[in-house]
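Worksheet: one structure, shown below.
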Amino acid sequence: MTNVITFGTFDLFHYGHLRILERAKILGDRLIVGVSSDELNYRKKNRYPLISEEYRCHIINSLKCVDEVFLEKSLELKRDYIRQYRANILVMGDDWKGKFDHLKCICDVIYLPRTVNISTSCLIEQIRRNSK
Ligand code: C2G
């Protein structure tokens, strides 16, 4: 049984989010997703996500490619989460390239290319522009 783990905020869930989860799932048998908590986002980006952690977890949990979801409360706990969920592979988008190489001693670390031309911040910007 190969367990794959990945992490993300998944605010304003979009096609790029879906594609990384689908690509992560086919690398193993089970896909476990750590969804960043509202507090973690506030600490990291100085703003709360537009969609609450409860709703973001619910959306991710309802996807066909996802087997288990938990709240990621700290960026520094990746090693503990990997052990707790018995993950064999950590998948991250290549915007995180190199950042988790220190975890290669406990699991495989794979960076997948991001889907081009879509992101939560671009969507927010587009909506802003269109509503003027
Ligand atoms: N992603 C992607 N293509 C996009 C946008 C995002 O492949 N066009 C991927 C990102 O690379 C990431 C995942 O989707 O792997 C979730 O993206 P974000 O919600 O932006 O996650 P982030 O805030 O970077 O994660 O421990 C990490 C944290 O949870 C933060």
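When reading the values below, keep in mind they use all heavy atoms of this one structure, side chains included, and skip hydrogens, waters and symmetry mates. Note that ligands are numbered from 1 as they come in the structure, with each ligand's atoms numbered from 1 the same way.
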* Structure fact -> Test side chain to side chain contact (heavy atoms under 4.5 Å, CB included), reference Ile89, set Leu27, Ile82, Thr6, Leu31, output is Leu27
* What closest approach, in Å, do Arg30 and Glu68 show between heavy atoms, and which atom pair accounts for it? -> NH2-OE1, 3.2 Å
* Minimum-distance protein heavy atom relative to atom 3 (N) of ligand 1 -> Thr115 N, 3.1 Å
* Please confirm whether Tyr15 comes under 4.0 Å of ligand 1, counting heavy atoms of the residue only. => no
* Asked: Evaluating non-hydrogen atoms only, which member of Leu12, Asp95, Asp11 is closest to atom 11 (O) of ligand 1?
  -> Asp95
* **Ring centers of Phe100, Tyr111 separated by less than 6.0 Å** => no
* Which residue supplies the protein heavy atom nearest to atom 16 (C) of ligand 1, what is that atom called, and how far is it? -> Phe10 CE2, 3.7 Å
* Asked: With a 4.0 Å cut-off, strictly under, does atom 20 (O) of ligand 1 pick up any protein heavy atom?
  -> no
* How does Ile20 reach ligand 1, by side chain, by backbone, by both or by neither, if only non-hydrogen atoms under 4.0 Å count? -> side chain
* Below 4.0 angstrom from a heavy atom of Lys78, which ligand 1 atoms are there? Numbered from 1 as shown, please. => 26 (O), 27 (C)
* Asked: Atoms of ligand 1 less than 4.0 Å from His14 heavy atoms?
  -> 5 (C)
* Asked: With a 4.0 Å cut-off on heavy atoms, is Lys45 touching ligand 1?
  -> yes
* Asked: Quick one: nearest non-hydrogen protein atom to atom 8 (N) of ligand 1, plus distance?
  -> Ile118 O, 2.6 Å
* Asked: Considering only protein heavy atoms, which is closest to atom 15 (O) of ligand 1, and at what distance to one decimal place?
  -> Gly93 N, 3.1 Å
* Do any nitrogen or oxygen atoms of Ser119 lie less than 3.5 angstrom from nitrogen or oxygen atoms of ligand 1? -> no
* Asked: Backbone N or O of Asp29 within a donor-acceptor pair of the Thr2 side chain at under 3.5 Å?
  -> no
* Joint cluster assignment, Leu71 & Leu63, ILVMFWY side-chain distance < 4.5 Å -> no
* Asked: Parallel, tilted or perpendicular: which describes the rings of Phe13 and His17, with under 30° parallel and over 60° perpendicular?
  -> tilted
* Structure fact -> Rounded to the nearest 0.5 Å, the CZ atom of Arg114 sits from the CH2 atom of Trp96 at a distance of 10.5 Å
* To do: Of all the heavy-atom pairs spanning Cys65 and Lys25, show the shortest one and how long it is.
  => O-CD, 3.3 Å
* Atoms of ligand 1 less than 4.0 Å from Ser36 heavy atoms? -> 28 (C), 29 (O), 30 (C)
* To do: Taking all heavy atoms of Ser36 and all of Thr9, pick out the closest pair and write down the distance.
  => OG-OG1, 3.6 Å
* To do: For atom 30 (C) of ligand 1, find the nearest protein heavy atom and state the residue, atom name and distance (0.1 Å precision).
  => Lys44 NZ, 2.9 Å
* **atom 22 (P) of ligand 1: nearest protein contact (heavy atom, Å)** => Thr9 OG1, 3.8 Å
* Structure fact -> re atom 25 (O) of ligand 1, the protein heavy-atom contact at minimum distance is Gly8 CA, 3.4 Å
* Asked: Any idea which atoms of ligand 1 are less than 4.0 Å away from a heavy-atom of Phe7?
  -> 26 (O), 27 (C), 29 (O)
* Do Val35 and Phe70 belong to the same hydrophobic cluster, where Ile, Leu, Val, Met, Phe, Trp and Tyr are linked whenever their side-chain heavy atoms lie under 4.5 Å apart, directly or via other members? -> no
* To do: For residues Leu12 and Ile124, determine if any side-chain heavy atom of one lies less than 4.5 Å from a side-chain heavy atom of the other.
  => yes
* **Sub-4.0 Å atoms of ligand 1 with respect to non-hydrogen atoms of Leu75** => 26 (O), 27 (C), 28 (C)
* Asked: In the protein, what heavy atom is nearest to atom 24 (O) of ligand 1, and what distance, to one decimal place, separates them?
  -> Trp96 NE1, 3.1 Å
* Is Leu90 reachable from Leu112 through a run of hydrophobic residues whose side-chain heavy atoms are each under 4.5 Å from the next? -> no
